[in-house]
Amino acid sequence: MPTLGVNIDHIATIRQARRTVEPDPVAAAVLAELAGADGITVHLREDRRHIQDRDVRLLRQTVRTHLNLEMAATAEMVEIALDIKPDYVTLVPEKREEITTEGGLDIAGQCDRITQVVSTLQGAGIPVSLFIDAEPEQIAASKQTTARFVELHTGRYAEAQGEAERAEELSYLTVGTKEAIAAGLRVNAGHGLTYQNTYPVACIEGMEELNIGHTIISRAVLVGMERAVREMKQVMRGDY
Ligand SMILES: CC(=O)[C@@H](O)[C@H](O)COP(=O)(O)O
Ligand SMILES: NCC(=O)COP(=O)(O)O
C-alpha cells in the first residue's frame with residue numbers, strides 16, 4: 001500500500017484570502033503528521049498565491065516525516081531548493097493563469113534543460129521527482145534525466161466520466177506505473193484524488209506514495225485536519 005503525502009497548499013489559500021496569519025500551514029502539517037501523514041507536500045508557486053517562502057523555511061525545521069517541495073524548473077526555485085534542502089523536489093508545470101495544475105510537465109520536449117535541473121538538485125543531495133502524464137515518451141525522457149522518481153498525473157482519471165472512462169484511465173496509470181518501474185524509476189501519483197476515487201489508484205502495484213491535498217483540506221475545513229487525514233489513510237487501506 002502506498003504512503004500518503006498530504007499537500008497543505010490550500011490551508012495557505014484560506015490564509016491568503018485575507019493576507020493574514022491564520023490558518024498556518026505549519027500547524028496544519030503538525031496535525032497531519034500526528035494523524036498519520038507519511039509526508040508533507042507544498043507547492044511554492046512563482047506567483048505565491050498560497051504557500052509562501054516563510055512556510056517552506058519553517059516546514060523544513062518542523063516536518064518530522066518528509067518534506068516534498070513542488071516547484072517549477074526555474075533558476076529562482078532551484079536556488080530556493082538548494083538553500084532550504086527539502087527531502088525531495090517534484091518538478092511541476094506552472095502557468096500563471098491556471099487555476100490548478102493542468103497536466104504533466106513536458107520532459108520529452110525539454111529533456112536537456114530538465115536534466116540540468118535534475119543534476120543540480122540531485123548533485124546537492126536532493127532527490128527529484130518529475131510530475132508527468134503516464135505517456136511512454138514522457139517516462140522514457142524522465143529516465144534520461146536521471147531523476148529518481150516520477151509522479152503520475154491522475155487528473156484525467158479523477159475527471160473521468162462514468163465507469164468505462166474511469167477504468168480506461170486507471171489502466172493507463174497501471175501500465176504507466178509498470179513501464180516506469182521497468183525503466184528503473186520509482187513511482188508516485190497525485191492530483192484530483194478524492195475519498196471516492198483514491199482506493200483503486202492505491203491498489204496499483206509498485207505505487208510508492210500518493211500526494212493528495214485539495215480533498216483532504218476540503219474535508220478538514222468541516223471535520224478537522226486529524227480526522228480528514230486519518231480517514232484518507234483508511235480509504236487507502238480499503239477500510240473506509
Ligand atoms: C502538481 C499538482 O497537481 C498539485 O500538487 C499542485 O499543487 C496543484 O496546484 P495547486 O495546489 O495550486 O492547486
Ligand atoms: N501532486 C499532487 C498533489 O500534491 C495534490 O494535488 P491535489 O490533491 O491538491 O489535487
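In each ligand, atom 1 is the first atom listed, and ligand 1 is the first ligand listed. Computed from a predicted model, the values in this text were never measured in an experiment.
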Listed once per pair and sorted, the ring pair (Phe, Tyr, Trp, His ring centres under 6.0 Å) pairs that draw on residues 85-118, sequence neighbours left out:
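Only H66-Y88, Y88-F149 qualify under ring pair (Phe, Tyr, Trp, His ring centres under 6.0 Å).
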
Apply salt bridge (charged side-chain N to carboxylate O under 4.0 Å, His left out) to residues R60 and D83 and explain how you reach the verdict.
CA-CA 11 Å; R60 175 63 289 174; D83 180 32; over 6 Å; no

I'd like to check which ligand 1 atoms, numbered from 1 as shown, lie under 4.0 Å from a non-hydrogen atom of V92.
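Listed by number with element: 1 (C).
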
Which of the numbered atoms in ligand 1 are below 4.0 angstrom from a heavy atom of H43?
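Answer for ligand 1: 6 (C), 7 (O), 9 (O).
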
Closest protein heavy atom to [atom], given as residue, atom name and distance to 0.1 Å:
atom                    : value
atom 13 (O) of ligand 1 : T100 OG1, 2.7 Å
atom 4 (C) of ligand 1  : E70 OE1, 3.5 Å
atom 1 (C) of ligand 1  : T101 OG1, 3.4 Å
atom 11 (O) of ligand 1 : D9 OD2, 2.6 Å
atom 3 (O) of ligand 1  : H191 ND1, 2.5 Å

Residues 22-30 side chain polar contacts: donor-acceptor under 3.5 Å, at least two apart:
residue : atom : partner : partner atom : Å
D24     : OD1  : V26     : N            : 2.8
D24     : OD1  : R54     : NH1          : 3.0
D24     : OD2  : R54     : NH1          : 3.4
D24     : OD2  : R54     : NH2          : 2.7

Would you kindly say whether [X] and [Y] are connected by a side-chain donor-acceptor distance under 3.5 Å?
X    : Y    : result
R113 : Q116 : no
H43  : E94  : yes
T41  : N7   : no

Measure [X] to ligand 1 on non-hydrogen atoms and call it side chain, backbone, both or neither using the 4.0 Å cut-off.
X   : answer
R49 : neither
R45 : side chain
N7  : side chain
H50 : side chain

Could you check whether [X] pairs with [Y] (Lys NZ or Arg NE/NH1/NH2 to Asp/Glu carboxylate O, under 4.0 Å)?
X    : Y    : answer
D38  : K233 : yes
E208 : R186 : yes
E179 : K143 : no

For H10 and ligand 1, answer yes if some heavy atom of the residue is under 4.0 Å from a ligand atom, otherwise no.
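It does, in that a heavy atom of H10 comes within the 4.0 Å cut-off of ligand 1.
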
Given 3.5 Å as the limit, does a donor-acceptor pair link the side chain of Q138 with the main chain of I107, or not?
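At least one qualifying donor-acceptor pair exists.
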
Distance under 4.0 Å, heavy atoms only, partner ligand 2: which residues pass?
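Around ligand 2, where the cutoff is 4.0 Å for heavy atoms, the contacting residues are N7, T41, E70, F131, E151, G190, H191, G192, N211, I212, G213, H214.
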
Determine, for Y157 and R166, whether the Lys NZ or Arg CZ falls below 6.0 Å from the six-membered ring centre while staying within 45 degrees of the axis.
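So R166 doesn't make the cation-pi contact.
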
Could you list the donor-acceptor pairs under 3.5 angstrom formed between side-chain atoms of residues 69-77 and any protein atom two or more places apart in sequence or on another chain?
residue : atom : partner : partner atom : Å
T74     : OG1  : M77     : N            : 3.2
E76     : OE2  : R48     : NH1          : 3.3
E76     : OE2  : R48     : NH2          : 2.8

